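Remarks on the structure that follows.
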Amino acid sequence: MAQKPSIPKGTRDFSPEEMVKRNYIFDTIRAVFQHYSYQNIETPAMENLSTLMGKYGEEGDRLLFKIVNSGDYLKKISKKDIDAGNINKVTAAISEKGLRYDLTVPFARYVVQHRNSIVFPFKRYQIQPVWRADRPQKGRYREFYQCDVDVIGSGSLLNEVELIRMIDDIFKQLKIDVVIKLNNRKILTGIAEVINAPEKITDITTTIDKIDKIGVEKVYEELRQRGLSEETITMLEPIINLGGDNQKRLNCLKELIGITSAGSQGVDELQEIIDLIKILDISADVEIDQALARGLNYYTGTIIEVLAKDVNIGSLCGGGRYDDLTGIFGLPDVSGVGVSFGADRIYDVLNELNIFPDHQKAVTQVMLVNFGKKESAFALQLLEILQNSGISAELFPDAAKMKKQMQYANKKAVQYVLLPGEEEMKTGLYSLKNMQTGEQVKKVLSELISLING
RNA sequence: GUGGAUGUAGCUCAGCUGGUUAGAGCACUGGAUUGUGGUUCCAGGGGUCGUGGGUUCAAGUCCCAUCUUCCACCCCA
């Protein structure tokens, strides 16, 4: 026997039933994006490695799926490099394309390349799969969909507020209780400045980001391990332990880091966002979290992360502002802000909470039984009429046994079965069976159509 | 990349301290029922026990390696 077929680690097939659920998520998200006047674009699954490399940090480069060149790609490698185990050089020689790691960097590339035809500020959305060579685990896949919305070419904080409104709108519709966490990169910068350790900013941010997960003590421990002095850790304490409501946090932050220009700017920006949100009808909790860092180091302003209240699965949505993302591609000083919704995690949450709507409408409303050659030719005409009246209908392709055809209809959860046999052909009265109730009626076609549509 | 668990029929699993021909439920196919499904009854097909090596008279069972899936870390949607 042939070997069992399989799919690559961390990838999944989606059955028709799963796709109904997935499309519910995508449709909801897409509708909101469009409702808020964002335009759709798509970019290729693969990008040049030069576009992707170095944009996600060292860790990100490791997680990039690389594609080997076509043709005789071995020609370009020298034996010396292989023997020396010079992985970077060898990969560079044999691979110049990779699968996209997210949608933001390809978007930045797109903006730079099409800058002359884009109307700024450019509000776009993009729903496509991305790939990461990560080790799969709960809520983490190697192929998954991101739903990105970004505004590029506007520094206004109204954009942040709009993103928060969209996040609230989408999760409200999906009936997931979420908390939207906000921070600002400038606050983190301010913190690093105040404690006099600006070069340690990455260490500090990624460490205090874990505070909810590992606790205060472990955070201190890790900070020590990362080479922070006892003195600076002491200075960090009031910031790490900062609690209370948003306004209280902002006031404290202002006191602690307001003397730095970055810090005071960050606090002001968050204040403005919070003030605007107050006058709007937002149902999700919006919390300022000075420990929120997020990994990607291109964020320069607002940082946003959305967590489900009832399921522990990591963030469902995340993003932030990046002042100069297009700079690396040769278009400086274009500010953008955006978030990305993780459709696969949202799926897992809806599944775990069992709150998918059960309006799973059957694909087929009516199935026509095939009684044989003459009858099926006639049925084909009925099929045409039914479909033209907006009914999803299908004719069983083979003149199989009635039982088999009924079983097919039953398994597919078809709503009605129409039986156009010899007798019906003569009289023009057709038997229509309701598969849920088992009731059967005999009527003319026009009446049946209104029955099905009704 | 690091650590732990796992793998038996299409699916969910049983198979004790190694011992004839590896089981169940569900699913599948056929029949009871040649124009009526979902219920019931009967019959049937399907497994080189993840893969490769080793120990043993004997391996689904023990050992090693490798892959898969899952969980945690790193990181992240």
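Being a predicted model, the structure only gives us computed values, none of them experimental. Labels below follow one simple rule: chain letters A, B, ... track the order of the sequence lines, proteins then strands, and each chain is numbered from 1.
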Nucleotide opposite B:G25 in a Watson-Crick or G-U pair, distances under 3.5 Å: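 Base partner found: B:C11.
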For B:U51, the nucleotide meeting Watson-Crick or G-U wobble distances (both under 3.5 Å) is B:A65
Exercise: do [X] and [Y] side chains pair donor with acceptor under 3.5 Å:
| X | Y | value |
| --- | --- | --- |
| A:Gln34 | A:Tyr125 | yes |
| A:Asp150 | A:Tyr322 | yes |
| A:Asp398 | A:Tyr408 | no |
| A:Thr104 | A:Asp148 | yes |
| A:Thr28 | A:Gln173 | no |
| A:Gln126 | A:Arg124 | yes |

Base, sugar-phosphate, or nothing for [X], non-hydrogen atoms under 4.0 angstrom?
| X | answer |
| --- | --- |
| A:Glu375 | nothing |
| A:Glu59 | base |
| A:Glu424 | base |
| A:Leu316 | sugar-phosphate |
| A:Gly438 | base |
| A:Arg100 | nothing |
| A:Gly372 | nothing |
| A:Phe341 | nothing |

Tell me which nucleotide among [options] gets nearest to the side chain of [X].
| X | options | result |
| --- | --- | --- |
| A:Lys433 | B:U36, B:C75, B:U29 | B:U36 |
| A:Arg132 | B:A77, B:G1, B:G35 | B:A77 |
| A:Lys404 | B:C76, B:G30, B:C28 | B:G30 |
| A:Lys403 | B:G37, B:U36, B:A77 | B:G37 |
| A:Gln407 | B:C75, B:A77, B:G37 | B:G37 |
| A:Lys401 | B:G37, B:C76, B:G30 | B:G30 |
| A:Lys411 | B:C75, B:U29, B:G35 | B:U29 |
| A:Met435 | B:A77, B:G1, B:G37 | B:G37 |
| A:Lys138 | B:A72, B:U33, B:C75 | B:A72 |

For [N] and [M], measure between their [atom1] atoms and round to the nearest Å.
| N | M | atom1 | value |
| --- | --- | --- | --- |
| B:C49 | B:U21 | P | 14 Å |
| B:U12 | B:A27 | P | 15 Å |
| B:G44 | B:U48 | C1' | 23 Å |
| B:G4 | B:C16 | P | 26 Å |
| B:C26 | B:U34 | C1' | 30 Å |
| B:A14 | B:U6 | P | 12 Å |
| B:A77 | B:C67 | C1' | 27 Å |
| B:C74 | B:U55 | P | 43 Å |

Rounded to the Å, how far apart are [X] [atom1] and [N] [atom2]?
| X | N | atom1 | atom2 | answer |
| --- | --- | --- | --- | --- |
| A:Ile7 | B:U68 | CD1 | C1' | 11 Å |
| A:Tyr101 | B:C75 | OH | C1' | 7 Å |
| A:Tyr430 | B:U36 | OH | C1' | 19 Å |
| A:Trp131 | B:A77 | CH2 | C1' | 15 Å |

Can you say whether a donor on the side chain of [X] sits under 3.5 Å from an acceptor on the base of [N], or the other way round?
| X | N | value |
| --- | --- | --- |
| A:Gln405 | B:U36 | no |
| A:Asn410 | B:G37 | yes |
| A:Arg140 | B:C75 | yes |

Is the aromatic ring of A:Phe144 within stacking range of B:A77, meaning centres under 5.5 angstrom and planes under 30 degrees? yes
Return yes when atom NZ of A:Lys404 has more than 12 non-hydrogen atoms of other residues, nucleotides or ligands closer than 6.0 Å, and no otherwise.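 Result for NZ/A:Lys404: open.
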Among A:Leu419, A:Leu382, A:Val444, A:Leu368, side chain to side chain contact (heavy atoms under 4.5 Å, CB included) partner for A:Tyr430: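 Result: among A:Leu419, A:Leu382, A:Val444, A:Leu368, A:Leu382 is the only option passing the side chain to side chain contact (heavy atoms under 4.5 Å, CB included) with A:Tyr430.
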Is A:Gln137 near enough to B:C71 that one of its side-chain N or O atoms lies under 4.0 angstrom from OP1 or OP2? no
